[in-house]
Amino acid sequence: MTDTNTINGEKSKRPPRRRGRKGNKTAGDDFPQIEDKEVEANNQTKYKPHKSLLIQLTEEIPTWHECGRNSKNRDDTIYSVHADLKSTTNEKMSTNPHQLVTKYRDLADSIFKQEVIIFRHYSSDSSEKDEKWVENTMRKGTLKDRIAAMSVVLSSHPVHKFYALDMLFNLVGVSYGGSNNANHTNQRVGQMASEALTDLFSNTLIPPHRKLIGLEARPLFLFDDFQDNGQVKRHISPRTLLLWRYEDILKSKYTAFLTQYLGKTLSQNSTSSLDLTKSVALRTACVLLKEIPEGEQILLSMVVNK
């Protein structure tokens, strides 16, 4: 018998089960366990939790934004879909209602949580010792070692160990999602963590050739159960939805870093103790503006005003 993963009817095979490590809670264990049954978003879109990893980075596919690049709908946006339709019809461009975006965000979050659970479960025993050392270093090492460990973890596993980004955010005093849990940070800690984040954003996390796309800009209406035109609904794979949601979260987090750390630092009144910090922040803004297209307007405004 073969187990399958499904979302709106799409299926994939489950590989043989491997023994994983037990115990030793690590960051990310606060994800709730998803039972082996269908998850429903607003009682419409159904998803049976997958059993094998959806995202696996390799030498041929070293980054998350290259993952699934040949999959159907992977790069679709509302605008690209409308452009295709406009060539054959004069239909007005469709948009996603707010409740539809919320529905698919909830569904994608369930997939994301399950993906992290599977990743921890199937981590090989041979790498457990090294992983445990890095995890301990992130929490108990010197400041320099902690930041280096966080960077290594996030570079190696940008999707499955995304929590390391929040740890770095905490060091620069940035919170995400409307929370106020970030610590107040001193200038030295903020500068060191900011340098690490700048390197990660420009070399690992953000595509160098395009801006990030939020989930609201994806053609979610194509996969909804109830379409106004009465056409048969299309299917979206769990992997594509997971990658869309990951990009959606990354876009919000990067914006938070630009506005809450760089913007706040550059807007403070100059003092002798702040001059160096502001100089470093301005240099960081210039590097990000040069290296990646995301956040261009925000960064350009910072640089011009200074």
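- For the pair Pro208 and Ile292, the tightest heavy-atom approach, listed with the atom from each and the gap, is CA-CG2, 4.4 Å.
- Counting only heavy atoms from C-beta outward, the side chains of Leu205 and Leu154 approach each other to under 4.5 Å.
- Under a hydrophobic clustering in which Ile, Leu, Val, Met, Phe, Trp and Tyr are joined whenever their side-chain heavy atoms come within less than 4.5 Å, directly or via other members, Val81 and Leu241 fall into the same cluster.
- Note that CE of Met150 is 11.0 Å distant from CG of Leu165, once rounded to the nearest 0.5 Å.
- The closest side-chain heavy-atom distance from His160 to Arg120 is not below 4.5 Å.
- Side-chain N or O atoms of Arg74 include one that pairs as donor or acceptor with a backbone N or O of Cys67 at under 3.5 Å.
- Taking the side chain as every heavy atom from C-beta outward, Glu296 and Leu289 approach each other to under 4.5 Å.
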Test log, rule side chain to side chain contact (heavy atoms under 4.5 Å, CB included), inputs Leu53 and Glu115: CA-CA 6 Å; Leu53 289 175; Glu115 178 77 358; 3.6 Å; yes
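- A pairwise comparison of heavy atoms in Met302 and Leu266 identifies CB-CD1, 4.0 Å as the closest pair.
- The closest donor-acceptor contact from the side chain of Asn73 to the backbone of Asp76 lies at 3.5 Å or more, if one exists at all.
- Here Tyr261 pairs with Phe257 under the ring pair (Phe, Tyr, Trp, His ring centres under 6.0 Å) rule; sequence neighbours left out.
- The CG atom of Leu107 sits 12.5 Å away from the OG1 atom of Thr102 when rounded to the nearest 0.5 Å.
- Pairs engaging residues 206-215 under the side-chain hydrogen bond (donor to acceptor under 3.5 Å, both in side chains) rule: Arg210-Glu247 [sequence neighbours left out].
- Annotation: side-chain hydrogen bond (donor to acceptor under 3.5 Å, both in side chains) contacts of Arg69 (sequence neighbours excluded): Glu66.
- For the salt bridge (charged side-chain N to carboxylate O under 4.0 Å, His left out) condition, the pairs that include at least one residue of residues 249-261, sequence neighbours left out, are Asp166-Lys253, Lys251-Glu294.
- Taking 4.5 Å as the limit, some side-chain heavy atom of Tyr254 sits within range of a side-chain heavy atom of Leu288.
- A heavy-atom distance below 4.5 Å is found between the side chains of Thr284 and Val280.
- Legend: residues meeting side-chain hydrogen bond (donor to acceptor under 3.5 Å, both in side chains) with Glu60, ordered by chain and number and at least two apart, are Thr58.
- The same ILVMFWY cluster, assembled from side-chain heavy atoms under 4.5 Å apart, contains both Leu143 and Met167.
- Residue pairs meeting the side-chain hydrogen bond (donor to acceptor under 3.5 Å, both in side chains) criterion with at least one partner in residues 144-157, sequence neighbours excluded, are Thr142-Asp145.
- Looking at Ile118 and Ser52, their side chains never come closer than 4.5 Å, going by heavy atoms from C-beta outward.
- Annotation for Pro207 and Leu212: closest pair CD-CD2, 3.5 Å, computed over non-hydrogen atoms.
- In this structure the side chain of Leu168 reaches within 4.5 angstrom of the side chain of Leu200, judged on heavy atoms.
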Residues Phe169, Gln260; criterion side chain to side chain contact (heavy atoms under 4.5 Å, CB included); working and verdict: CA-CA 10 Å; Phe169 269 21; Gln260 293 184 35; over 6 Å; no
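- Note that CG of Asp75 is 9.5 Å distant from CH2 of Trp244, once rounded to the nearest 0.5 Å.
- For Asn96, the side-chain contact (heavy atoms from CB on, under 4.5 Å) partners are Ile78, Leu100, Val101, Leu220, Phe221, not counting sequence neighbours.
- When every heavy atom of Leu258 is checked against every heavy atom of Gly295, the shortest pair comes out as CD1-CA, 4.0 Å.
- Hydrophobic cluster membership differs between Val152 and Met138, with clusters built from Ile, Leu, Val, Met, Phe, Trp and Tyr side chains linked at under 4.5 angstrom.
- Residue pairs that meet the salt bridge (charged side-chain N to carboxylate O under 4.0 Å, His left out) test with at least one member in residues 281-291, sequence neighbours left out, do not exist here.
- Considering only residues two or more places apart in sequence or on other chains, Leu57 meets the side-chain contact (heavy atoms from CB on, under 4.5 Å) condition with Ile55, Pro158.
- Two different hydrophobic clusters hold Ile61 and Leu242 under the rule that ILVMFWY side chains link at heavy-atom gaps under 4.5 Å.
- Note: the hydrophobic cluster containing Ile206 does not contain Ile213 (ILVMFWY, side chain heavy atoms under 4.5 Å, direct or indirect links).
- Atom CG of Leu197 and atom CG of Leu171 lie 8.5 Å apart (nearest 0.5 Å).
- Applying the salt bridge (charged side-chain N to carboxylate O under 4.0 Å, His left out) criterion to Arg105, with sequence neighbours excluded, gives Glu216, Asp248.
- Side-chain contact check for Val116 versus Phe162: every heavy-atom pair is 4.5 Å or farther apart.
- Distance check: Ser267 OG to Lys278 NZ gives 7.5 Å after rounding to the nearest 0.5 Å.
- Under the side-chain hydrogen bond (donor to acceptor under 3.5 Å, both in side chains) criterion, the residue pairs touching residues 191-206 are Gln191-Thr277, Asp199-Asn203, with sequence neighbours excluded.
- Taking the side-chain hydrogen bond (donor to acceptor under 3.5 Å, both in side chains) definition, one finds that Thr255 meets it with nothing, sequence neighbours left out.
- Separation of atoms CG (Leu262) and NZ (Lys264) is listed at 12.5 Å; rounding is to 0.5 Å.
- The aromatic rings of Trp64 and Tyr246 sit perpendicular to each other, their planes meeting at more than 60°, with 30° as the lower class boundary.
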